[in-house]
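This is a predicted model, so every value here is computed, not measured.
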Amino acid sequence: MEILIYALVAILSAGAATGVYIAIHKSMLKGRKEEIIEKAEIEAESIKKEKIFQAKEKFLQLKTEHEQYINEKNSKIRETENRLKQKENTLNQQNNDLSRKIKENEAIRNNLKNQVEIANRKAEEYDKLREDAIHQIENIAGMTAAEAKNQLIENMKDEARTQAQSYINDVMDEARLTASKEAKRIVINTIQRTASETAIENAVTVFHIDNDEIKGRIIGREGRNIRALEAATGVEIVVDDTPEAILLSAFDPVRREVARLALHQLVVDGRIHPARIEEVVAKVQKQLEDEIMETGKRTCIDLGIHGLHIELVKLIGRMKYRSSYGQNLLQHSREVANICATMASELGLNAKLAKRAGLLHDIGKVSDEDPELPHAILGMKLAEKYKEKPEVCNAIGAHHEEIEMTSIISPIVMVGDAISGARPGARREVIESYIKRLKDMENIAQSYNGVTKTYAIQAGRELRVIVGADQVSDQDAEQLSADIAKKIQEEMVYPGQVKITVIRETRSVAFAK
């Protein structure tokens, strides 16, 4: 029983304690809530004051910006008003000036009108006086003004005819003198550049034999062998007293080569009679045609030229057996092709096209068609016939200026041909005369006062003259180059042109000891 009582007391005690705890806890929560509310109200008041302060600052800032904007607008308006006033003043001033000028022009116009009226009256008076004077002159001279005018015109025509005829006679006399001098210059220059041995070598081939007994076999009984050989080859065979040599004479180099090769095979074989001669000549002609074609193909391959017509290739091969002024035509054409390609490359042009035109520029010299035409025109027609490009055809036809140049390649080919032909050693020229010409050139320059040294360079194309700085001034140097050029031009004969370069330099020398 006591246990129950103790348990009941314990329960009641626990419940009382719990009630007390709850009451105390509620009292504490109520106090905490009031404290939080009070703190929140304080923070809210602080935030409210801060926001009100920020709003006032923003308002003041906007008010300041607005006032600044208004001031700027007012300033611009005032500036605009000032400009308008200035323009108005300017327009007023211009209007006043214009009114003044109109009044002045009106006065000038009235004045001019008065002057014109005065001039018209004077013109009428002058015309009247002129008519009176003409009538008086006609009465005195006994002829009308029209008759006098016609007579004056006839007199002037007669005088003009006399003067024109005199002028024509003077021009014709001068032209005859000039033509005579030019013809002499051309003939002398041609004679100088063409040596007699060159013509002989271009028309004659020497065939060497081991002994003179073979000459009799070549001549044959009553000359039948030599006649058969001449008939088959078209070459004149000269068998004379020249030891161990037979001369083959013909202006066609291909025929001379056929005769030389045929003679060589006949002599080596030993059988020499008319039938064998015709057989060997036919065989050699076929071999030579094959060799000509092979030479043309090899030349095109060496130069990197492709797509040529087979007939043009054959003409290129024939150049091997043709010479011009002692210069082998194939070698000349190859040289011109390379020169043209180099020049075109330096100028930024089509180097392959220039090389093609340079190689073909002299094909007219080896063609058998229409020999009456100049070789340049003939070569152009051949190129057109075999479908070469218009630039190439024009370059071939114009390289001697026989037609108008229409392509930039044409002057390059002309210059390349001149360079190759004028190069010392390219065309026939005796070495002694060549060296003598250079020495004479140096001696002419050396004869002037102040010249210390002279050098002929560029194969005689340029003469460099070194003068003493203490004896020749800069102005004297310019005059000296002109004087030397004039003297060389008057006293010497030379191909192309010679450049005279006078060098004057001042040297100051000191020694450190």
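- The backbone N or O of R221 sits nowhere less than 3.5 Å from a side-chain atom of N225 that would complete a donor-acceptor pair.
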**OP:** Please report the C-alpha distance between V498 and I500 in whole Å, then the side-chain angles of each, then the deciding distance to 0.1 Å, and finally whether the side chain to side chain contact (heavy atoms under 4.5 Å, CB included) criterion is met.
**Re:** CA-CA 6 Å; V498 179; I500 313 299; 3.9 Å; yes
Original post:
Does the side chain to side chain contact (heavy atoms under 4.5 Å, CB included) test come out yes or no for I396 and E388, once each step is laid out?
Top reply: CA-CA 11 Å; I396 296 171; E388 285 296 312; 6.0 Å; no
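- With hydrogens and angles disregarded, no donor-acceptor distance shorter than 3.5 Å links the side chain of H400 to the backbone of E402.
- One distance of note links CD of E401 with OG of S410; it measures 10.5 Å at 0.5 Å rounding.
- With rounding to the nearest 0.5 Å, the separation of NE2 in H309 from NZ in K387 is 9.5 Å.
- For T299 (side chain) and T295 (main-chain N/O), a donor-acceptor pair under 3.5 Å exists by modelled atom type.
- Here the options are D476, D470, D474, the test is salt bridge (Lys or Arg N to Asp or Glu O under 4.0 Å), and the partner is R504; only D474 passes.
- In this structure, CZ in R334 is found 10.5 Å from CD1 in I316, a value given to the nearest 0.5 Å.
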**OP:** Go through the steps for E291 and K320 under the test side chain to side chain contact (heavy atoms under 4.5 Å, CB included), then give the verdict.
**Re:** CA-CA 10 Å; E291 184 179 347; K320 178 181 178 181; 3.3 Å; yes
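- D440 places none of its side-chain heavy atoms less than 4.5 Å from the side chain of E491.
- Side-chain N or O atoms of N394 include none that pairs as donor or acceptor with a backbone N or O of M405 at under 3.5 Å.
- Rounding to the nearest 0.5 Å places CG of L378 at 10.0 Å from NZ of K385.
- Residues I484 and V465 form a side-chain contact, since some pair of their non-hydrogen atoms from C-beta on lies under 4.5 Å apart.
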**OP:** Could you check E289 against K314 for side chain to side chain contact (heavy atoms under 4.5 Å, CB included), going step by step and ending with a plain yes or no?
**Re:** CA-CA 8 Å; E289 288 295 325; K314 187 182 296 185; 4.2 Å; yes
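- Judged purely by atom type and a 3.5 angstrom limit, N105 uses its side chain to pair as donor or acceptor with the backbone of K101.
- Taking each heavy atom of V451 and A445 in turn, the nearest pair found is CG2-O, 3.4 Å.
- Listed for the R356 side chain is no donor-acceptor partner under 3.5 Å among the backbone atoms of A351.
- Put simply, the side chain of N350 gets close to the backbone of L353: a donor and an acceptor are under 3.5 Å apart.
- H332 has its ring centre less than 6.0 Å from the ring centre of H361.
- Here the CG-OH distance, from L360 to Y386, works out to 12.0 Å after rounding to the nearest 0.5 Å.
- Within the 4.5 Å cutoff, side-chain heavy atoms of L349 are placed close to those of I408.
- Residue V313 comes nearest to K297 through the heavy atom pair CG1-N, 3.5 Å, listed as atom of the first residue, atom of the second, then distance.
- When side chains are defined from C-beta on, V258 counts as touching V281, because their heavy atoms get closer than 4.5 Å.
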**OP:** Kindly indicate, with the supporting measurements, whether the criterion salt bridge (Lys or Arg N to Asp or Glu O under 4.0 Å) is fulfilled by K286 and D290.
**Re:** CA-CA 6 Å; K286 180 64 172 61; D290 294 340; 3.0 Å; yes
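- The closest donor-acceptor contact from the side chain of N120 to the backbone of V116 lies under 3.5 Å.
- Contact record, A341 with K355: CB-CE, 3.6 Å, taken as the closest heavy-atom pair.
- V284 and Q265 get closest at one heavy-atom pair: CG2-NE2, 3.8 Å.
- The local environment of CD in Q115 is crowded, with over 12 non-hydrogen atoms from other residues, nucleotides or ligands closer than 6.0 Å.
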Original post:
Could you walk me through whether K365 and D362 pass the salt bridge (Lys or Arg N to Asp or Glu O under 4.0 Å) check?
Top reply: CA-CA 6 Å; K365 290 184 177 180; D362 270 346; 3.7 Å; yes
Subject >> CA sep, side-chain torsions, deciding dist, call: E257, R260, salt bridge (Lys or Arg N to Asp or Glu O under 4.0 Å) >> reply: CA-CA 5 Å; E257 184 67 11; R260 187 188 68 82; 2.8 Å; yes
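- The shortest heavy-atom contact between D417 and H399 is OD2-CD2, 3.8 Å.
- A distance of 11.0 Å separates OG in S407 from NZ in K389, rounded to the nearest 0.5 Å.
- Panel note: side chain S481, backbone E478; a donor-acceptor pair is recorded below 3.5 Å.
- Counting only distance, with no hydrogens or angles, the side chain of R318 and the backbone of V366 share a donor-acceptor pair below 3.5 Å.
- Minimum heavy-atom separation, M319 to S333: SD-OG, 3.3 Å.
- Looking at I466 and T454, their side chains never come closer than 4.5 Å, going by heavy atoms from C-beta outward.
- The closest side-chain heavy-atom distance from D483 to K487 is not below 4.5 Å.
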